[in-house]
Amino acid sequence: MSTAHESDGALGDLIDPELPAATYVLEPDVVEPLTRRIVTSHAAGTHRSTSPFTGAPLAAYPVSSPADVATAVERARAAQAGWARTPLRERTTVLDRLGALVLQRQSEILDLIQMESGKARRSAFEEVADVAIVCRHYAVRGPRYLADRRVPGMLPVLTGVRVHRRPVGVVGAIAPWNYPLSLVLSEAVPALLAGNAVVIKPDPQTTLSALWVAEVLQDAGLPDDLFLVVTGGGDIGAELVEHVDHIAFTGSTATGRKVAGRAGERLIGATLELGGKNPLYVAADADLDTAVPGVVRACFSNTGQLCMSIERLVLHERIADAFLERFVEAVRDLRLGSELDYTADVGSLVSAAQLERVTAHVDDALAKGARALVGGVHRSDVGPYFYAPTVLDDVPADARCATEETFGPVVSVTRVASDDEAVRVMNDTEFGLNASIWSADVARARALAARVESGTVVINDGYASAWASPAAPMGGFKASGLGRRHGREAVEALTEVQAVAAQRGARLGVSLDSLYTLGGEAPSRALTVALGALRRLRLP
Ligand code: NAD
């Protein structure tokens, strides 16, 4: 019997090699071409993932050992040097093709995402759209982000300084299960653009989607070994941090702190995209016709398993009752389902562990006096891990779901008497990832946004217009993260910056050295005169 990897409890039971392959939801001829891409010596056992829709075995694949992680990074490092020398135009062409291929082959990955994560197809499509948007953005705008800059030298004309962006080398990416396509690529795209290689450690539950990305990247023309996949749980993620030149981590705040600690010791860069307890404020002047469906999407897209998802509703007391009446009705109408088509509004939770966490949060709140306006029940009639979209009122401050991230389809309601009180309630959290404000007066909402401690603030929308604007940085204040993904900021995080300063005047005998040959006080006097003149001319 092969030994399963049990290091952090994230991986499943020991695999029985006698288990007939036919019991797997995915046929071996779909799985094998993907799992062949894993960097593994087959010495660390096998992992079996489970279908969230049915609880049945989904696929089995080999796990990487710590030595395999070292091998993957070595191979990536060897390939990276050539990639960094590849003309930028060729690198952007690969990204452009990747975006086109993901759109073209979307039905393959939509099925895979749904089967691995249990989400509804419309939530899976958000990932396809996201990759197309991110690839287009970096293919078009990337060269500008990477362009050399001339900056003022010490002595104008005589000193020429240029600032260059160099790839860091091998970027490690550790991804969670909730967006198996998007979160595998959101850091990889700017990393590859900048001339880095990428080694990715996806979540054990959603590894096949990451392997599909590796296949499509190859089809898009990416040379070998520039995007490698290692598999396993937390120990393999931790091992990856030991070898790479930058770590891009997406996951929980608790794990992010460990990754940051080790990255700090190794003095490598770390981008940390962590948890949230995101608030949404409906102001007294909000248009409820647009707010109600928008807020439903903000809370329950991806079954609430979205880092930017709204878990705290802050309602101005003047509209609270009218809003809630319509909101609760709309939530009750949401259709749960496991079909591989667009019929369901909301999918399953990903696993028994997620179901346990969501149930524990709701039961704790109800036991402490909260009321469920809708939901609050396990929907085992739809599938083993389905949970009804839930709206909780009167949630006491000591309930777990008042402060901890639930990461499920559960939102709690707080009423406020003023915008000032709304800002105070929104900021009353250790997190600061995303916030949303609904108001007919966008200028007033912008003024409120300036007072909200959150990496993104979305006005009259829940999250999509911030997440899907890849020119804008995305990430967290406070315990929600460090650094940013998307935009110029991602490219800056994934590159080393190098200043090259050249003395132009040397041949004319007016270099810094020639000044010092004057001896005595003369150099200081000459520099004093020059510095005074530069100040008067207001040269930077
Ligand atoms: P998690 O932290 O348990 O796991 C995330 C990844 O880290 C997995 O691949 C896991 O195997 C790996 N890992 C676990 N322990 C590790 C260690 N010690 N060292 C290195 N890697 C390790 O998170 P999760 O529960 O799977 O994901 C949900 C969390 O992710 C939520 O908190 C959610 O808010 C957050 N998230 C954040 C963003 C964002 O952009 N801010 C996006 C999606 C999810």
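In what follows, residues are counted from 1 in the order of the sequence shown. When reading the values below, keep in mind they use all heavy atoms of this one structure, side chains included, and skip hydrogens, waters and symmetry mates.
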Does Glu405 use its side chain to pair, donor to acceptor, with the backbone of Gly276 at less than 3.5 Å? yes

Do any pairs count as a side chain to side chain donor-acceptor pair (under 3.5 Å) and have a residue in residues 462-471, sequence neighbours left out, and if so which ones? Glu126-Tyr463, Asp130-Trp467, Ser301-Tyr463, Asp461-Ser465

Which of these passes side chain to side chain donor-acceptor pair (under 3.5 Å) with Thr271: Glu489, Arg484, His246? His246

Can you see whether Thr231 engages Tyr61 through a side-chain donor-acceptor pair at a distance of less than 3.5 angstrom? no

Please collect all side chain to side chain donor-acceptor pair (under 3.5 Å) contacts where either partner lies in residues 304-313, sequence neighbours excluded, each pair once. Lys277-Glu311

Listed once per pair and sorted, the ring-ring contact (aromatic ring centres under 6.0 Å, His included) pairs that draw on residues 169-205, sequence neighbours left out: Trp177-Phe407

Who pairs with His361 by ring-ring contact (aromatic ring centres under 6.0 Å, His included), at least two apart in sequence or on another chain? none

Sorted by chain and residue number, the ring-ring contact (aromatic ring centres under 6.0 Å, His included) partners of His137 (sequence neighbours excluded) come out as Tyr145

Do the side chain of Glu116 and the main chain of Leu208 share a donor and acceptor less than 3.5 angstrom apart? yes

Are Arg77 and Glu74 close enough for a salt bridge, meaning some N to O gap below 4.0 Å? no

Report yes or no: do Ser51 and Thr54 form a side-chain donor-acceptor pair below 3.5 Å? yes

The complete set of salt bridge (Lys or Arg N to Asp or Glu O under 4.0 Å) pairs with one or both residues in residues 181-193, sequence neighbours excluded, reads Glu187-Arg485

